[in-house]
Amino acid sequence: MVVARALTLGFLLLWVSGPNDIVLAVILQATPQILAGVVWWFTGWGVAKPAWVRIHYSELKTALRASWPFFLSAISTSLYTTSTTVLLGLFSTPVQVGLFAAASKLVYIAQGLIGPLVQATYPRIAQLAATDQPAAVRLIRKAFVIQGAVGLSMALMLALFLPLLTPISVAWFGADFSLSKAFLALSNSQAVMLWFAPVILLGALSLVYGQQTLLVFGFEGYFSRVLVAAGILNVILMCWWVPGSAQGGVRAAQSVLCVELFIVLAFWWRARPIFRQAPAIGTNH
């Protein structure tokens, strides 16, 4: 899955350069799961093929009822991600929307590089949480260090070295390439990226405390409530800060930053007992 996602990201950067490539972008977004599934089916790498099981309607109802927090979380997440650009377009000028959209493109590309790390460790953490909780906590702490280091390095790179990355991207890919266009647009407003870049680090940490800790230890309800509150908070901040501001892009970036900080703190607060109880759990076993 990690190799498939890395290849797909490279193809996205290489082949997708404008609105006319939207069909290709959608296909490439779905490619990692399909490619990983096909390779696994024919090779059996990683995990043996499961036996065929007949599923009953009552089991489907139970599974859907148990998974509703995940659906609610996914819907709520859009309130502080994709809807931010929509709200900014309602309250600010097209120039500010363009600056914010360019910054968000770079930030979400960087966050996408952290995704394979989460997907590689999550199944193992979930398995250990059921059989050896101290080992699960140790793996979570390792994930914290690795993902935090990757998130911090990419945040610093975009925040401090954006003027250097712009000519490099133009020289390698050309000025018409989508990534180069984003760099060129943001060169006119470094302030947007200075506020937006820390979101990469906060996003990496929220994955550790949220998906890799709270979810595997059974706190799905709390997880979804935090994301619902985060989405509502972002809408409130956008409606409060952006109207009438001459720098709507900066205000939108500040709003997303505050929301991501809220998420990290809320997840960390609830995850603290898990880390404190891990040695005691190991002793009891």
Side-chain angles (χ1 to χ4, degrees), residues 63-88 104 107-108 110-112 114-119 121-123 125-126 128-130 133 136-137 139-148 150-152 154-155 195-242 251-278:
L64 290 174
R65 189 181 300 112
S67 61
W68 74 265
F70 299 101
F71 292 106
L72 185 61
S73 301
I75 295 173
S76 302
T77 300
S78 66
L79 291 178
Y80 65 89
T81 54
T82 55
S83 66
T84 302
T85 305
V86 177
L87 291 172
L88 182 60
S104 64
V107 167
Y108 293 139
Q111 286 184 324
I114 301 175
L117 297 176
V118 179
Q119 294 174 354
T121 57
Y122 179 85
I125 294 174
L128 290 174
Q133 294 187 1
V137 171
L139 183 54
I140 292 171
R141 286 174 174 151
K142 291 180 181 178
F144 175 88
V145 174
I146 296 173
Q147 291 170 210
V150 173
L152 178 61
M154 289 192 293
W195 284 101
F196 213 164
V199 169
I200 303 173
L201 173 59
L202 294 176
L205 299 183
S206 69
L207 289 172
V208 174
Y209 290 125
Q211 292 186 18
Q212 293 163 281
T213 303
L214 296 181
L215 289 184
V216 298
F217 281 93
F219 295 97
E220 298 91 347
Y222 179 85
F223 179 85
S224 64
R225 288 195 297 272
V226 169
L227 293 184
V228 170
I232 296 173
L233 176 61
N234 184 65
V235 174
I236 293 173
L237 292 178
M238 288 291 295
C239 294
W240 180 20
W241 287 348
V242 176
R251 297 291 177 263
Q254 292 171 341
S255 176
V256 175
L257 178 61
C258 290
V259 169
E260 289 285 357
L261 181 59
F262 163 77
I263 293 173
V264 172
L265 292 176
F267 285 166
W268 166 78
W269 181 265
R270 190 63 188 87
R272 289 182 310 148
I274 298 174
F275 293 100
R276 285 202 303 262
Q277 295 170 7

Is the backbone N or O of Arg251 less than 3.5 Å from a side-chain atom of Ser255, with the two atoms forming a donor-acceptor pair by type? no

Taking the side chain as every heavy atom from C-beta outward, state whether Phe267 and Leu214 have any atom pair closer than 4.5 Å. yes

Correct closest heavy-atom pair for Phe275 and Val137 would be CD2-CG1, 3.4 Å

Any sub-3.5 Å donor-acceptor pair from Ser224's side-chain atoms to Gly221's backbone N or O? yes

Calculate, to the nearest 0.5 Å, the distance between atoms CZ and OG1 belonging to Arg141 and Thr213 respectively. 10.0 Å

Within the structure provided, determine whether Gln254 and Leu237 are in side-chain contact (heavy-atom separation under 4.5 Å). no

Answer whether the closest heavy-atom distance between the side chains of Asn234 and Thr84 falls below 4.5 Å. yes

Minimum heavy-atom separation for Leu202 to Val264, with atom names? O-CG2, 3.2 Å

Heavy-atom nearest pair, Phe217 first then Ala136, reads CZ-CB, 4.3 Å

pair Val216-Leu128: side-chain heavy atoms closer than 4.5 Å: no

Main chain of Ala266, side chain of Tyr209: is a donor-acceptor contact present, judged purely on distance under 3.5 Å? no

Is a donor on one side and an acceptor on the other found under 3.5 Å between the side chain of Glu260 and the backbone of Pro198? no

Given side chain to side chain contact (heavy atoms under 4.5 Å, CB included), test Thr121 with Lys142 step by step and report yes or no. CA-CA 10 Å; Thr121 57; Lys142 291 180 181 178; over 6 Å; no

On a heavy-atom basis, the closest approach of Pro116 and Gly112 is CD-O, 3.1 Å

Between atom OH of Tyr122 and atom CG of Leu207, what is the distance when rounded to the nearest 0.5 Å? 11.5 Å

Under the 6.0 Å and 45° cation-pi test, does Arg270 pair with Trp268? no

Identify the heavy atoms of Val226 and Ile263 that sit nearest to each other, and give their distance. CG1-CA, 4.3 Å

For Gln212 and Ile140, work out which heavy atoms get closest and say how close. O-CD1, 3.2 Å

Among Val208, Leu152, Leu205, Leu201, find the one that has a side chain to side chain contact (heavy atoms under 4.5 Å, CB included) with Gln147. Val208

